[in-house]
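Here is the structure we will look at.
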Amino acid sequence: MGFKFKLEPLHKYKKQMVDFEQQKFAQLTQRLMRIDTEIDTLSDQLKKHIDQPNQVGTPNDSTSLGYVPNIQSLQQRESQMRVIHIGLKELREQKALVLREYNQQKEILHTAHKERKMMDKSKEKALVAFHENLQRKAEKMLNEQSIQRYQRA
C-alpha cells in the first residue's frame with residue numbers, strides 16, 4: 001500500500017505551467033537584452049556622428065580643421081543622424097512595450113510559483129497524514145497482538 005496523491009494530475013499541471021511561464025519569461029528577458037544591445041549600438045553610432053568633427057568636404061588649408069564642409073556632406077550627415085535618432089525612438093518605444101509585457105509575465109510567473117508551492121505543501125500534508133495513518137494502524141495492530149498474548153497467558 002503506497003502513497004497516492006489524489007491531486008497528482010493537478011500538481012503535474014501546475015509544475016508544467018511554471019516551466020512554461022519560465023520559458024516565456026526567459027524569452028522576454030532575451031528580447032529585452034537584444035533591444036538594449038541595439039539601443040547601445042545606435043547610441044554609439046549617434047555619439048560618433050555628433051563627436052565627429054566636420055571632416056567632410058574638400059581639403060582647405062585656410063581652416064583650422066583642414067576641411068571645408070560642403071552642403072551635400074552636411075545634409076548627408078544630418079540625414080544619417082535623423083535616421084539613427086528615429087531608430088532609437090522606435091527601439092525605446094518597443095522596449096517600453098516589452099517592459100510592460102515583461103512585468104506582466106513576471107506577475108504571472110510569481111502567481112504560478114505560488115500556486116505550485118501551495119500544491120507542494122498540500123502534497124506534503126497528505127504524505128504526513130498518510131504516514132501518521134500507517135503508524136496508527138501499525139500501533140493498533142501491535143496493541144491488538146499484545147492484548148491477545150496477554151489474554152492467552
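Excluded from the calculations below are hydrogen atoms, water molecules and symmetry mates; all remaining heavy atoms, backbone and side chain alike, are included. Throughout, residue positions are numbered sequentially from 1 according to the sequence presented.
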(request) Evaluate side chain to side chain contact (heavy atoms under 4.5 Å, CB included) for E101 paired with L97, printing each intermediate quantity in order. (result) CA-CA 6 Å; E101 207 176 323; L97 291 174; 5.9 Å; no
(message) Test of understanding: with salt bridge (charged side-chain N to carboxylate O under 4.0 Å, His left out), list the residues that count as partners of K114, not counting sequence neighbours.
(response) none
(request) Using the test side chain to side chain contact (heavy atoms under 4.5 Å, CB included), find all partners of M118 that sit at least two apart in sequence or belong to another chain. (result) none
(message) Run the side chain to side chain contact (heavy atoms under 4.5 Å, CB included) test against H85 and tell me which residues pass, sequence neighbours left out.
(response) none
(request) Check whether L99 and L42 end up in the same hydrophobic cluster, where Ile, Leu, Val, Met, Phe, Trp and Tyr are linked by side-chain heavy atoms less than 4.5 Å apart. (result) yes
(message) Apply side chain to side chain contact (heavy atoms under 4.5 Å, CB included) to residues K137 and N133 and explain how you reach the verdict.
(response) CA-CA 6 Å; K137 285 181 181 179; N133 190 21; 3.9 Å; yes
(message) Run the side chain to side chain donor-acceptor pair (under 3.5 Å) test against H11 and tell me which residues pass, sequence neighbours left out.
(response) D120
(message) Going by the rule side chain to side chain contact (heavy atoms under 4.5 Å, CB included), which residues pair with M17 if we only count those two or more places apart in sequence or in a different chain?
(response) Y13, E21
(message) Quick check for you: to the nearest 0.5 Å, what is the distance between K125 atom NZ and F5 atom CZ?
(response) 11.0 Å
(message) Check for me, please, whether L91 and M81 land in the same ILVMFWY cluster - side-chain distances under 4.5 Å, paths through other members count.
(response) yes
(request) Look up atom OG1 in T41 and atom CG in L46, then write down how far apart they are to the nearest 0.5 Å. (result) 12.5 Å
(message) Run the salt bridge (charged side-chain N to carboxylate O under 4.0 Å, His left out) test against E8 and tell me which residues pass, sequence neighbours left out.
(response) K123
(message) So, using side chain to side chain contact (heavy atoms under 4.5 Å, CB included) as the criterion, who are the partners of T111 when residues are at least two apart?
(response) E115
(message) Please tell me whether L10 and L127 are part of a single hydrophobic cluster in this structure, the criterion being side-chain heavy atoms less than 4.5 Å apart.
(response) yes
(request) For E93, look at atom CD and say whether over 12 heavy atoms of other residues, nucleotides or ligands are found less than 6.0 Å away. (result) yes
(request) Could you state whether I50 and L88 fall into the same hydrophobic cluster, counting links through intermediate Ile, Leu, Val, Met, Phe, Trp or Tyr residues with side-chain heavy atoms under 4.5 angstrom apart? (result) yes
(message) Can you tell me how far apart CD (E139) and OG (S146) are? Round to the nearest 0.5 Å.
(response) 11.0 Å
For residues 23-38, tabulate all N or O donor-acceptor pairs below 3.5 Å that involve a side-chain atom, not counting sequence neighbours.
| from | atom 1 | to | atom 2 | distance (Å) |
| --- | --- | --- | --- | --- |
| T29 | OG1 | F25 | O | 2.8 |
| D36 | OD1 | K95 | NZ | 2.7 |
| T37 | OG1 | M33 | O | 2.8 |

(message) Please determine whether residues F20 and M119 belong to a single hydrophobic cluster, defined as Ile, Leu, Val, Met, Phe, Trp and Tyr linked transitively by side-chain heavy-atom distances below 4.5 Å.
(response) no
(request) Starting from the C-alpha separation in whole Å, work towards a yes-or-no answer on side chain to side chain contact (heavy atoms under 4.5 Å, CB included) for H113 and Q22. (result) CA-CA 10 Å; H113 272 295; Q22 282 177 334; 3.5 Å; yes
(message) For R82, give me all partners under salt bridge (charged side-chain N to carboxylate O under 4.0 Å, His left out), at least two apart in sequence or on another chain.
(response) E78
